[in-house]
Amino acid sequence: MKGYRKYFFNKLVWFFVTLACAFLLNFILPRQMPGDPVAAIVARQAQGMSNTAGVQAIYEQYTELFGTSKPMYEQFILYVRNVLQGDFGFSFSQYPRTVLDVIRSALWWTIILQFPAIIVGWLIGNSLGALAAYLKGGFDKVLLPISIFASSIPPFGIAMIMLVIFGVTLQWLPTSGGYGFDLIPNASWSFVWSVIVHYQLPFWSIVLVTIGGQAIGMRSMSIYELNADYVKYSRFMGIKDRKIVGYVFRNAMLPQITGLALAIGTMVGGALVAEIIFSYPGLGSTIFTAVLGQDYPLISATTLIITIMALLANFVIEIVYGFLDPRIKAAQAD
Amino acid sequence: MSNAILEVRELTTKYITRFREDIYAVDHVSLRVEEGKSLGIAGESGCGKSTLALSLMGYYFPPLYYTSGEIIIDGRNISGMNSDDVRKSILGNEIAYIPQAAMNALNPTQKVIRFIEDVIEAHDPSVTKKEVYNLAKGFFEAVGLPADVLQKYPVELSGGMKQRTVIAISVILSPQILIADEPSSALDVTSQKMVIKMLRNLMDKGYIKAMIFITHELPLLYNVTDDIMVMYAGQIVEKASAREAVFDPLHPYSKGLMGSIIVPEEGLRDVKLTAIPGVPPNLKKPPSGCRFAERCKYVRPECKGTSVPLRDVGNGRAYRCIIPETELREMYAREARKNV
Amino acid sequence: MKHTLRQVFQSGKFLIGFSIFSFILLVVIIYPRVITDPPLQIIGQGTFFPPGLYVNVYDSLNTPYYTLNLPNATRNRIASKLSDEDRQAIKEWLTAVGISEDQIDVENTAQLLEQWANNYDPTLRVPGMTNARRNYFIRLNSSLSRLLATEGVSIAVRNEETGELEEIGAVTQTDYVNASQVPNVRLLLLGTDNFGRDVLTELVVATRVSLLIGIVAGLVATSIGLALGLLSGYVGGVVDDVITFITNLFIVIPSFVLLILISFSIGQNQRGPITIAVVIGFTSWVWTTRAVRSQVISLRNRDHVNLSKLSGYSIVHIILKDILPYIASYVVMALILQISSGIIAEAGLSILGLGPRTTEVPTLGLMLYWAMIYQAHIFGKWWAYLPVLITIALITFSMNLMNTGLDHVFNPALRD
């Protein structure tokens, strides 16, 4: 267990280091660009918002929040303190809602949609990939071109196609929203049912996207493992094929877990776009409306939250991986 | 004549590629290993020696297939047996395989003892874990490994320890014969020596009765094995005692192979493997005559066209060439004089 | 080199991918030479005209008429006017007046109309039928009788002095014009989009721009990845530590999110296609760096590299002569992959509304964005988004196939 504790500690340190870097990037990048946030605010003020009191409030809050007149490092300290307090200021486009309020209502939709979908897609994709590698022959010949083609369709493409087939043509499922537009969120059955029904299309489209990539990776991994020396040796020591296949798939699966940890950032990007296609009320749609409304504070905060979520997911997967792969403990013990 | 542990008659096996082509990588090979003896098999990479090692086990899986011939282990013909019986009663029990590059021969995510449990369970499910442990401990001590290696993962072992672990596991079911296969890119010569010494030691102690050692490092064979067989393009081209094969080879291929190794000058280590110009023929369409003809210095017009039989010259020696023994020796002698 | 190329072109997968890609490239190059209209010109007044051959009505009237007695003309005319909804309504009436369902075939137009003519009675009051529904049937009946009319229509012009209509010609139901004699005919193979622009012309230009974005993004990403990977792998030490740290950092931080943040910060006015491409390139070099680094490390201590080192060759020489050739195949594959993912990244950004500024050129992503904003997918205007999706899928598919083919040539273990 000592080895594992060391591993855990390393990962924890890494998590905080990446988190710090994410903060830094989120702070610096927009400020290095021609259209920096403060300039954007001034521009907005010049355009004149319909709600003059709102503009005034935002402007005052922003000069305070950003400390625009202060030197860069003080601005950064201010920024970190604000972030830690959850104070992202007002949203431009949804005034008088605060950014925190907007994100809080969208966050759960995204978490509940994306993480189960990615995990289910990962499981199905890996099973199919392993099967393809093991059966080879016809099954593999059919599955490989199909999955190459399927993974060529970008995530938003799959989302649109599913929407058109199941939502528009067959009309089995609703095409947009997180629940029926005529409902008010409450604990009733009809609301829960509506949420479940609206969940299906975005969920399965993310699952499908994940399957494509994972199946191809798992297939190559399994073929590589099937040709490994230990397979030959185990066979010649008289071990049954079924047992050897067990070794192979366990070993092929392990790199796929680290693969998932590394790919989670990319997957989240695809899933965000899928949310937009289905107007799912998560963070993806939040970004979309924020871009339409030129809402800098909301975009900045949303991208930060998504990054933190991806880092957390990465951390959790690495921790789980440490439990599953004995080599981790062994390697750290030295 | 003493008791034959392994006797192989006219064994032929083939690979079937995904384009449904047959490649006969082992072509009518016969050999015999007696109790207490060891046989070395030599040849360039791609000559079929590793496929021969796989074929001798009597257990085939795609893309390798059995075609014809017999394998008799300790008087038991295993070539007609169904593969699950071979797996259960022959592999490990009668004939065992050692990959000499032990680095990847063990499943990296399994403790050594778990693998041994799986091996024993595959042959006799009634053995308890406690018994397995005690048995394994004994064998590990015999190869000089502490018992706590059993509780470790392969990554935690050094290269030498892994090698010993594999050897101990290979003999744990007390097989009659061991087949040690060295893939062309594996160990350095010193570690190979260590492996061979250990194997000899096991044979002397009676853990195994005979062994076959496959390598391209010929000096190694001379020191350790009693007989040597040279393979080329899936066929045996020369059979002799170790001494004769090294110092008095008959077949031009063996001559080339030995010659390139016996007189190593400083710095020529990298050159020697390419000492015979050209590459082995494509076994999808082997040449109809002598398979070495394309690369042979002494090639004659009659070499091509009709297949060349293995010529038995008595005393357990045989070679596959149309040129008579005396004539070959004269040619070699003439060449030696010219070089001096 | 020649041998490798031959081997690559013998791979079926590579060949298929290469053919698809070449086809797309050819279309992109040749089409604008043939159809020279500006791609973003608005030609349609209205949104989403369906694909088809558009024939100028005014010109048709002034073209010679030919009388053709085609047997199915009447039936086709009626069938095209009679919607599925109308057919269901007729069936509803017929069943209500007591005709059994198996005698009604909604697909058989002639029989259906005959049954309607025989059984419809505007004075009949069907029990349970609302007044609105009854009025609907009356309207349906009158439109059907118009449909069944056999007279032609008159063409009239208004006399400017008297203000009265004067007939100057007539068109009968058997009159035809020869489309090739009509001076103004426009084939809109993929109809028009929400702005009334020719989708096909737009698509071709968009494909060109998107390919350009992909190539620029791919080149930027691969160059950065290659440079950092070589540096990190070959030099080692602190340089390696720093680069590895940065690489690992950008692997876990979602690149797409960075892309969003940067694109938004750049601002609408600065966002041209090339800027977008460069930004995409700058956020997607990490995987290449990682892979190049590990390959260089495994090459670093090979005999031939050591030999060059001992011979006193410079680092640049060693990298160019002893390392690059060995990772060239990988770098090519990485480039191909980066190009296709660059195209997808652009599309993703555009869907978010962060694509290139919209006034000059279309991109595949922008076309999707417009189609989505105007809900083409909800209203069944497939021509506005499906061809775009297919184009993207074909480009990435062809590139994936080429990569798989290359992979099979260079990594034989995957072959069987």
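Chain letters run A, B, ... following the sequence lines, proteins first, then strands; residues in each count from 1. Values below: all heavy atoms of this structure, side chains included; hydrogens, waters and symmetry mates excluded.
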| request: Would you please name every residue forming a salt bridge (Lys or Arg N to Asp or Glu O under 4.0 Å) with C:Glu202, sequence neighbours left out? | output: C:Arg197
| Which region of C:Arg290, side chain (C-beta onward) or backbone (N, CA, C, O), has a non-hydrogen atom less than 4.5 Å from a non-hydrogen atom of chain A, or is it both or neither? | side chain
| task | Using the test salt bridge (Lys or Arg N to Asp or Glu O under 4.0 Å), find all partners of C:Asp241 that sit at least two apart in sequence or belong to another chain. | result | none
| For C:Ala345, is it the side chain, the backbone, both, or neither that has a heavy atom closer than 4.5 Å to a heavy atom of chain A? | neither
| Rounded distance (nearest 0.5 Å) linking atom CD1 of A:Ile216 with atom CG of C:Asn400 | 7.0 Å
| field | Residue C:Leu349 versus chain A: region with a heavy atom under 4.5 Å | value | neither
| remark: Applying a strict 4.5 Å limit to non-hydrogen atoms, the region of C:Ile351 in contact with chain A is both
| Test side-chain contact (heavy atoms from CB on, under 4.5 Å) applied to C:Val257 and A:Ile305, A:Thr302, A:Ile306, the passing residue | A:Ile306
| request: Name all residues meeting the side chain to side chain contact (heavy atoms under 4.5 Å, CB included) criterion together with A:Ala274; count only those two or more places apart in sequence or in a different chain, and write none if there are none. | output: A:Ala159, A:Ser205, A:Ile206
| said: Suppose a student defines contact as a heavy atom less than 4.5 Å from any heavy atom of chain A. Which residues in residues 276-284 of chain C would they list? | reply: none
| remark: C:Leu261 and A:Ser300 have their tightest heavy-atom pair at CD1-CA, 4.1 Å
| message | Nearest 0.5 Å, please: how far is CG in C:Asn248 from OG1 in A:Thr18? | response | 10.5 Å
| query | Given the options C:Ile395, C:Ile253, C:Leu386, which has more heavy-atom pairs under 4.5 Å with chain A than any of the others? | reply | C:Ile253
| message | Can you tell me which portion of C:Phe245 sits under 4.5 Å from chain A's heavy atoms? Options are side chain, backbone, both or neither. | response | both
| said: Between C:Trp382 and chain A, with a heavy-atom cut-off of 4.5 Å, which part of the residue counts as in contact: side chain, backbone, both or neither? | reply: neither
| query | So which part of C:Ile260 gets closer than 4.5 Å to some heavy atom of chain A, the side chain, the backbone, both or neither? | reply | side chain
